[in-house]
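Let me begin by presenting the structure, written as C-alpha cells, before commenting on it.
Residue numbers count from 1 along this sequence. In what follows, every heavy atom counts, from backbone to side chain, and hydrogens, waters and symmetry copies are set aside. Please read all numbers here as calculations on a predicted model, not as lab measurements.
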Amino acid sequence: QVQLVESGGGLVQPGGSLRLSCAASGNIFSIYQMAWYRQAPGKQRELVAVITSGGSSNYADSAKGRFTISRDNAKNTVYLQMNSLQPEDTAVYYCNVLHSRGVNWGQGTQVTVSS
C-alpha cells in the first residue's frame, strides 16, 4: 500500500509564496513521475506541473515562470514552490505519483490567495 502525505497549503496574500510538499511512503519499488494538480470550485481538476524520475519538468501555461516543481528521490518527496500567487490560483492542490505499482493521489491541500 502507498500513502501520500501533503503539506504546505494555507492562506496567502496576492503576490505571496507557498511551498507544497508531498511525501510518498509504503510499498514503492520505483517512482516514475510525480505531479501536482489543482481543482478550483466548480472547475475540473487540471495539471499544474509534472516532473519525471530523470528530473525533466513541464508546466501548465498558468504556472510557467511562477511555479517550480522539484523532487528529492531519496525521500520520495515532490515539492511545488509557488511564487507571485494570485487569487485565480486558489484551489485544492493534489499530489499525483505514478509508480511501479500504479497511481496514487494525495488527500489534497487547500491554497487560498486573498487579501
* Asked: Are V78 and V92 connected in a single hydrophobic cluster, I mean Ile/Leu/Val/Met/Phe/Trp/Tyr linked by side-chain heavy atoms less than 4.5 Å apart?
  -> no
* Asked: S17 and N83: side-chain donor and acceptor closer than 3.5 Å?
  -> yes
* Which value, rounded to the nearest 0.5 Å, describes the distance between Y79 atom OH and D72 atom CG? -> 5.0 Å
* Structure fact -> Separation between CG (L20) and CZ (F67), nearest 0.5 Å, reads 8.5 Å
* Do Q110 and T112 have a side chain donor and acceptor closer than 3.5 Å? -> yes
* To do: Any chance you could lay out the side-chain contact (heavy atoms from CB on, under 4.5 Å) test for V97 and V103, step after step, and finish with the verdict?
  => CA-CA 6 Å; V97 175; V103 177; over 6 Å; no
* Asked: When you look at CD of E88, are more than 12 heavy atoms from neighbouring residues, nucleotides or ligands closer to it than 6.0 Å?
  -> yes
* For E6 and G108, indicate whether the former's side chain and the latter's backbone hold a donor-acceptor pair under 3.5 Å. => yes
* Is the shortest heavy-atom distance from the side chain of R71 to the side chain of I31 under 4.5 Å? -> yes
* Which atoms form the tightest heavy-atom contact between V113 and T90, and what is the distance? -> N-OG1, 2.9 Å
* **Closest approach of Q107 to L4 (non-hydrogen atoms, all atoms of both residues)** => OE1-O, 3.4 Å
* Looking at CH2 of W36 and CD of E46, how far apart are the two atoms once the value is rounded to the nearest 0.5 Å? -> 14.5 Å
* **Validation row, ring centre W105 to ring centre Y37 under 6.0 Å** => yes
* **P87 side chain reached by S114 side chain, heavy atoms, under 4.5 Å** => no
* Has the side chain of T109 got a donor or acceptor atom that lies under 3.5 Å from a matching backbone atom of G9? -> yes
* R45 (side chain) donor-acceptor with R38 (main chain) under 3.5 angstrom -> no
* To do: State plainly whether one hydrophobic cluster holds both V50 and I28, where clusters connect Ile, Leu, Val, Met, Phe, Trp and Tyr through side-chain heavy atoms under 4.5 angstrom apart.
  => no
* Is the side chain of Y59 donor-acceptor paired with the backbone N or O of I69 at a distance under 3.5 Å, no angle test? -> yes
* Asked: Where do V111 and M82 land on the side-chain contact (heavy atoms from CB on, under 4.5 Å) test, with the steps shown first?
  -> CA-CA 10 Å; V111 172; M82 304 185 292; 3.9 Å; yes
* To do: Find the distance between CG (D89) and OG (S62) and round it off to the nearest 0.5 Å.
  => 7.0 Å
* Atom pair OG (S57) and CD (Q33), whose distance is rounded to the nearest 0.5 Å -> 11.0 Å
* Structure fact -> Between the OH atom in Y93 and the CG atom in L80, the distance rounded to the nearest 0.5 Å is 7.5 Å
* Asked: Side-chain heavy atoms under 4.5 angstrom apart, residues restricted to Ile, Leu, Val, Met, Phe, Trp, Tyr: same cluster for L98 and M34?
  -> no
* Are L47 and Y32 connected in a single hydrophobic cluster, I mean Ile/Leu/Val/Met/Phe/Trp/Tyr linked by side-chain heavy atoms less than 4.5 Å apart? -> yes
